[in-house]
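Notes for the one structure printed next.
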Amino acid sequence: MSPLPLTPSQTVGPYLSIGLRWEDGPYVVAPGTPGAVWLRGRVLDGNGDVVPDALVETWQADPAGRFDHPDDPRGASGSGFCGFGRSETLDGEYAVLTVKPGQVPDAAGGLQAPHVDVSVFARGLLDRLVTRLYFADEPEANARDQVLAGLPDDAARNTLLAQPCGDGYRLDIVLQGSDESVFFAL
């Protein structure tokens with residue numbers, strides 16, 4: 001007897017981007033914005049293969065570390081900076097054009113290192129995965145960040161550190177395996 005195949009009710013996707021269109025797509029800021037950088041990387045599965053139908057969503061503070069949202073404990077900044085981007089991985093990579101965020105207050109009265117919140121939607125995932133992208137060229141701020149300090153070792157921290165590259169920063173997101181990115185339980 002041959003094994004039974006999976007039924008559609010047991011799978012997710014592969015058309016995850018349907019219904020998740022974002023008008024500005026990967027442009028958190030317009031091309032040509034002073035200080036604009038690309039955040040790029042691949043979404044990899046447990047075999048190290050590129051996931052070509054994933055969706056990467058980013059959200060971040062503005063360069064001053066403020067959110068233009070009423071839920072910011074300091075009140076909405078009024079800057080008009082939405083801080084939101086969404087990129088498919090059809091060509092094997094995600095790419096979001098943005099500006100580097102500033103530091104955001106943490107719950108203990110300190111400051112979090114500059115970071116971008118990242119959600120990953122991909123086939124086989126019933127819920128999005130949530131992680132952060134930190135900047136490797138911010139060693140002092142990263143050393144004081146409570147989230148990074150709470151990770152078990154440098155290997156785990158390194159899964160969140162985007163490395164500088166020619167036009168911005170690169171960070172691959174690994175969904176499973178020994179190099180799996182750190183994801184947050186929400």
Side-chain angles (χ1 to χ4, degrees), residues 5-33 35-61 81-101 113-138 142 147-148 151 154-186:
L6 294 177
T7 66
S9 65
Q10 295 171 303
T11 62
V12 175
Y15 306 108
L16 288 165
S17 63
I18 292 176
L20 293 176
R21 298 282 182 221
W22 175 248
E23 183 177 332
D24 295 329
Y27 297 100
V28 177
V29 296
T33 298
V37 293
W38 281 101
L39 305 179
R40 298 178 189 274
R42 301 172 297 170
V43 176
L44 303 170
D45 66 15
N47 293 324
D49 297 326
V50 172
V51 179
D53 55 357
L55 184 75
V56 174
E57 188 176 274
T58 63
W59 190 62
Q60 66 174 87
F81 180 77
C82 79
F84 185 83
R86 191 174 273 165
S87 175
E88 298 174 344
T89 60
L90 296 175
D91 64 354
E93 288 196 351
Y94 69 89
V96 174
L97 184 67
T98 189
V99 289
K100 201 168 174 181
H115 67 275
V116 175
D117 296 310
V118 178
S119 289
V120 179
F121 300 84
R123 69 182 119 102
L125 300 176
L126 297 179
D127 294 309
R128 67 185 172 132
L129 297 174
V130 177
T131 187
R132 284 184 171 185
L133 178 153
Y134 287 90
F135 300 90
D137 58 357
E138 296 281 348
N142 291 342
V147 172
L148 288 174
L151 297 176
D154 285 342
R157 280 183 279 283
N158 287 338
T159 70
L160 304 182
L161 296 178
Q163 300 297 321
C165 64
D167 61 356
Y169 295 87
R170 286 196 62 83
L171 179 68
D172 288 343
I173 299 169
V174 181
L175 302 180
Q176 286 181 305
S178 60
D179 297 326
E180 181 178 324
S181 300
V182 171
F183 297 106
F184 298 89
L186 298 179

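Computed from heavy atoms alone, side chains included, the values below leave out hydrogens, waters and symmetry copies.
With sequence neighbours left out, Asn47 forms a side-chain contact (heavy atoms from CB on, under 4.5 Å) with Asp45, Asp49. In terms of the side chain to side chain donor-acceptor pair (under 3.5 Å) criterion, residue partners of Ser119 (sequence neighbours excluded) are, by chain and number, Arg128. For Asp154, the salt bridge (Lys or Arg N to Asp or Glu O under 4.0 Å) criterion is met by Arg157, not counting sequence neighbours. Scored by the ring pair (Phe, Tyr, Trp, His ring centres under 6.0 Å) test, Phe183 finds no partners at all (sequence neighbours excluded). For Phe81, the ring pair (Phe, Tyr, Trp, His ring centres under 6.0 Å) test picks out no residue, with sequence neighbours left out. Among residues two or more places apart in sequence or in another chain, the side-chain contact (heavy atoms from CB on, under 4.5 Å) test is passed with Ala136 by Leu161, Gln163, Pro164. Shown here are the salt bridge (Lys or Arg N to Asp or Glu O under 4.0 Å) partners of Asp24, two or more places apart in sequence or in another chain: there are none. Partners of Tyr27 under the side chain to side chain donor-acceptor pair (under 3.5 Å) rule, at least two apart in sequence or in another chain, do not exist in this structure. In this structure, the side-chain contact (heavy atoms from CB on, under 4.5 Å) partners of Leu171, at least two apart in sequence or on a different chain, are Tyr94, Leu133, Ala162. Applying the salt bridge (Lys or Arg N to Asp or Glu O under 4.0 Å) rule to Arg42 yields the partners Asp172; only residues at least two apart in sequence or on another chain are considered. Trp59 pairs by the side-chain contact (heavy atoms from CB on, under 4.5 Å) definition with Phe67, Phe84, Asp117, not counting sequence neighbours.
Closest non-hydrogen pair, Ala122 versus Leu175, comes out as CB-CD1, 4.3 Å. For the pair Val29 and Ala36, the tightest heavy-atom approach, listed with the atom from each and the gap, is CG2-CB, 4.0 Å. The two atoms that bring Tyr134 and Pro114 nearest to each other are CD2-O, 3.6 Å, heavy atoms only. The two atoms that bring Gly41 and Arg170 nearest to each other are CA-NH2, 3.8 Å, heavy atoms only. Nearest approach of Thr89 to Val51, heavy atoms of both residues: OG1-O, 2.7 Å.
For the side-chain hydrogen bond (donor to acceptor under 3.5 Å, both in side chains) condition, no pair includes a residue of residues 176-186, sequence neighbours left out.
In this structure, Val28 and Val99 have side chains that are not in contact, with every pair of non-hydrogen atoms separated by 4.5 Å or more. Leu148 places none of its side-chain heavy atoms less than 4.5 Å from the side chain of Arg132. Between Leu39 and Phe135, the closest side-chain pair of non-hydrogen atoms falls below 4.5 Å. Gln60 is not listed as a side-chain neighbour of Val96, based on a closest heavy-atom distance of 4.5 Å or more. For the pair Leu44 and Val50, the minimum side-chain heavy-atom distance is below 4.5 Å.
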Between His115 and Leu160, is a side chain to side chain contact (heavy atoms under 4.5 Å, CB included) present by the stated rule, with each step listed?
CA-CA 9 Å; His115 67 275; Leu160 304 182; over 6 Å; no
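With a 6.0 Å radius and a threshold of 12 heavy atoms from other residues, nucleotides or ligands, Asp127 has its CG atom at or below the threshold.
The backbone N or O of Ala95 lies less than 3.5 Å from a partner atom in the side chain of Ser87, making a donor-acceptor pair.
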